[in-house]
Amino acid sequence: MKNQKVAKILNEIANFLEIKGDKYRPRAYRYAARTVESLSRDIKDIKKQDKLEELPGIGKNIAQKIEEIIDTGSLRYLEDMKKELSIELKSLLAVEGIGPKTIKLLYDELGVKNLDDLERMAKRHRIRRLKGMGEKTEKRILESIEFARKNSGRNLLGYTLPIAENLKNELMLLKVVDRVEIAGSIRRRKETVGDIDILVTTNKAQEVMNFFTSMENVENVISKGKTKSSVILKDNIESDLRVVDNKLFEATLLYFTGSKETNIEMRKIAIKKGLKLNDYGLFKGGKRLNLNTEKEIFQRLGMEFIEPELRENRGEIEAAMEGKLPELIGYDDLRGDLQMHSQWSDGYYSIEEMAIAARDWGHDYIAITDHTGLLQIAGGMSEEEIMAQTKEIEQLNDKIDGIKILKGIEANIKSNGELDVEDGILKDLDVVMASIHSGFRQDKEKLTNRIISAMENENVNIIAHPTGRKIQERRAYDLDLQKIFEVSRETNTFLEINSYPNRLDLSDINVKRAIETGCKLVINTDSHKKEHLKYIKLGIATARRGWAKKGDIINTLPLRRLNKLFN
DNA sequence: GCCGTTTTCGGCCCGACTGTTTTCAGTCG
């Protein structure tokens with residue numbers, strides 16, 4: 001998993017070069033970073049075979065830098081740039097509307113190096129006096145500083161979960177380990193997570209700790225004890241391992257899964273029943289009750305079992321007491337994936353390759369939904385290309401067994417609310433998605449109306465990534481979501497839960513609101529490569545966190561019934 | 001800094017949108 005670290009350094013270089021005003025080298029570094037990031041093999045192995053330069057976007061120069069990163073853990077070239085320009089780039093770039101050029105201007109003119117400097121200058125109205133800046137820009141900077149701050153220091157679930165699962169698998173291979181479980185916000189599948197909490201049971205604690213602290217992926221050891229050890233992984237995430245007594249395992253798991261708020265509420269309920277709940281179990285009169293599973297503990301407290309994804313103190317405790325928890329959609333309930341891209345726009349693979357990968361994943365159907373004309377950077381298709389693609393899909397459906405490919409599209413909602421594809425073309429497609437890719441700084445009413453007019457187009461079936469948020473990058477558009485939910489229900493336009501790791505849009509909370517309003521949703525991956533199909537699990541997790549049942553999600557339906565919904 | 005079924009040099013997905021401009025620069029996807 002060193003790949004992520006290499007990619008991160010390459011991206012950092014790109015940021016610095018951009019500030020320096022370099023136009024094309026940043027692009028080269030970013031392209032190389034993307035290549036490294038999406039490798040299915042360990043970059044170290046490729047280096048060993050001396051094949052770095054065979055990777056797309058990696059030439060002699062970058063290959064050398066990658067070697068240095070692998071050998072020494074850091075890169076002289078980047079360290080030097082950091083010294084030359086001591087700016088906290090990443091956090092500044094997270095401020096909306098600020099890019100490299102503006103950062104350079106702010107640094108040169110006002111000496112802004114970090115978010116604190118930026119905030120101070122904005123408050124003193126120093127920014128509006130700079131060339132090209134104005135009152136509105138200054139105001140927007142101030143508004144988004146808080147957002148930028150709040151989002152640093154946590155990691156995307158989609159990035160951390162595989163790392164955590166790898167750790168779990170490695171630990172499970174040890175003979176002396178009996179049980180391993182990932183706890184904390186990862187077990188709850190929260191969209192961003194702090195660190196990786198792992199619990200194990202073993203009768204050879206020392207041996208397990210020795211293993212944990214000397215794993216290959218460990219950058220340095222923070223602490224090492226008999227029952228708890230902490231390390232920083234090379235992926236730049238902290239991981240804590242706790243050794244727990246076998247009998248106490250699930251009580252401890254319950255405690256370390258959280259959320260904190262849910263734990264507090266459950267402890268209050270225990271007290272009301274004359275009991276005491278802590279991380280060692282449930283106690284009565286100082287004596288530990290013999291309850292060894294989470295289920296038994298919930299039961300003894302008079303509650304239904306609460307799935308980890310629901311443990312956020314958002315009403316699940318009351319529902320569990322009343323026996324009214326929803327039966328959540330399962331991780332195996334989906335039959336298809338209705339958003340993915342191919343080489344016809346900005347995808348990496350052919351339709352055939354995507355279809356076969358989706359079939360192997362277990363889907364019964366997929367929709368190919370490439371971008372349309374307006375989005376040129378993403379290879380948007382012309383109307384002629386759309387029709388040609390349609391023909392290809394028909395031929396592939398004759399050729400490939402075991403999966404049905406739906407003819408779809410991801411059309412753009414223009415700033416006036418119209419789509420960038422003619423209705424005459426849309427009506428012949430199986431699935432029409434519409435989404436906003438530009439002009440998202442419009443005011444609330446205008447943005448809301450854009451989406452509503454797209455939903456009112458009878459050809460439109462799905463609104464993709466409805467709020468446009470990007471976790472840790474960009475806030476959601478300013479929308480009247482309640483109104484959108486109502487129109488969605490009335491027009492039978494389905495709202496997407498986009499599974500892409502930094503989108504998860506709708507978010508868990510909005511999923512819950514949409515379902516309460518009576519909307520039906522669809523969970524898609526927005527895959528641009530076949531390797532992205534696995535993200536569907538993140539979308540399902542988000543649906544579960546939003547209390548979604550199988551019946552709330554349309555792509556749990558068999559194709560015949562799904563098609564009826566679209567007609 | 002990478003890349004090359006017309007190139008080993010000279011290109012590098014490009015248009016919408018906004019805010020600051022009175023013709024454009026920066027940001028975003």
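By convention in this document, chain letters (A, B, ...) are assigned in the order of the sequence lines, proteins followed by strands, and residues within each chain are numbered from 1. Just so it is clear, the structure is predicted and the values come from calculations on it, not from any experiment.
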Here the distance between atom C1' of dG11(B) and atom NZ of K23(A), to the nearest Å, is 11 Å

Between CD1 of I141(A) and P of dG19(B) the distance, given in whole Å, is 13 Å

Considering only heavy side-chain atoms of T137(A), the closest of dG1(B), dA16(B), dT20(B) is dT20(B)

For Y31(A) and dC2(B), is the gap between ring centres under 5.5 Å while the planes differ by less than 30°?
no

Donor + acceptor pair across side chains of Q343(A), H341(A) (<3.5 Å): no

For this session: Would you mind classifying the nucleic acid contact of R27(A) as base, sugar-phosphate or nothing, using non-hydrogen atoms under 4.0 angstrom?
Result: sugar-phosphate

Self-check item: Side-chain donor-acceptor pair present, Q482(A), T517(A), cut-off under 3.5 Å
Solution: yes

- prompt: Taking the same atom, P, in dC14(B) and in dC9(B), what whole-Å distance lies between them?
  reply: 24 Å

Here the distance between atom C1' of dT18(B) and atom CG of N416(A), to the nearest Å, is 17 Å

Between Y29(A) and K131(A), the residue closer to the 5' end of DNA chain B by nearest nucleotide is Y29(A)

Closest to the side chain of S438(A), out of dG26(B), dC2(B), dA16(B), is dA16(B)

dT8(B) -> Watson-Crick or G-U wobble partner, both distances under 3.5 Å, gives none

Sugar-phosphate only, base, or nothing, as touched by L55(A) at under 4.0 Å among non-hydrogen atoms:
sugar-phosphate

* Asked: Can we say D508(A) and K512(A) salt-bridge, meaning some charged N sits less than 4.0 Å from an Asp/Glu carboxylate O?
  -> no

Winner on side-chain proximity to K101(A), out of dC2(B), dC12(B), dG26(B), is dG26(B)

What distance, rounded to whole Å, do you find between the two C1' atoms, one in dC2(B) and one in dT8(B)?
12 Å

Taken to the nearest whole Å, CD1/I436(A) to C1'/dC28(B) is 14 Å

Could you check whether L17(A) gets within reach of a base, just the sugar-phosphate, or nothing at all, counting any heavy atom under 4.0 Å?
nothing

Presence of salt bridge, E394(A) and K407(A), under 4.0 angstrom:
yes

- Over 60° means perpendicular and under 30° means parallel, so classify the ring planes of Y535(A) and H532(A), tilted if in between. parallel

If you look at every strand shown and take non-hydrogen atoms under 4.0 Å, does P26(A) touch a base, only sugar-phosphate, or nothing? nothing

Task: Euclidean distance for P, dT20(B) against dG15(B) (whole angstrom) - done: 25 Å

- prompt: When you compare dC3(B) with dC13(B), how far apart are their P atoms, in angstrom units rounded to a whole number?
  reply: 13 Å

From CD1 of I66(A) across to C1' of dC2(B) the rounded distance in Å is 13 Å

Per atom distances to the T102(A) side chain, the nearest of dT27(B), dA16(B), dG19(B) is dT27(B)

Checking R30(A), R27(A), K104(A), K23(A) against E18(A) for salt bridge (charged side-chain N to carboxylate O under 4.0 Å, His left out), the one that qualifies is R30(A)

Salt-bridged, E496(A) to R503(A), with N to O below 4.0 Å? no

* Describe the nucleic acid contact of K60(A) in one word from base, sugar-phosphate, nothing, applying a heavy-atom distance below 4.0 Å. => sugar-phosphate

Rounded to whole Å, the CG-P distance (L78(A) to dG1(B)) equals 13 Å

In whole angstroms, the gap separating C1' of dC28(B) from CG of N412(A) amounts to 13 Å

Closest to the side chain of P100(A), out of dG1(B), dC12(B), dT27(B), is dT27(B)

Closest of dG26(B), dG1(B), dG19(B) to the K65(A) side chain is dG1(B)

Worksheet item: Roughly how far apart, to the nearest Å, are dA16(B) and dT21(B) at atom P?
Response: 24 Å

Assert: residue with more 5' nearest nucleotide on DNA chain B, out of K470(A) and L130(A), is L130(A)

Rounded to whole Å, CD1 of I103(A) lies from P of dC28(B) at a distance of 9 Å

Quick note, Q442(A) side chain, CB onward, closest among dT20(B), dG1(B), dT18(B) is dT18(B)

Atom C1', compared across dG1(B) and dT5(B): separation rounded to whole Å:
24 Å

Quick note, K136(A) side chain, CB onward, closest among dG19(B), dG26(B), dG1(B) is dG19(B)

Scan Q64(A) against the nucleic acid and name what it touches under 4.0 Å (heavy atoms): base, sugar-phosphate only, or nothing.
nothing

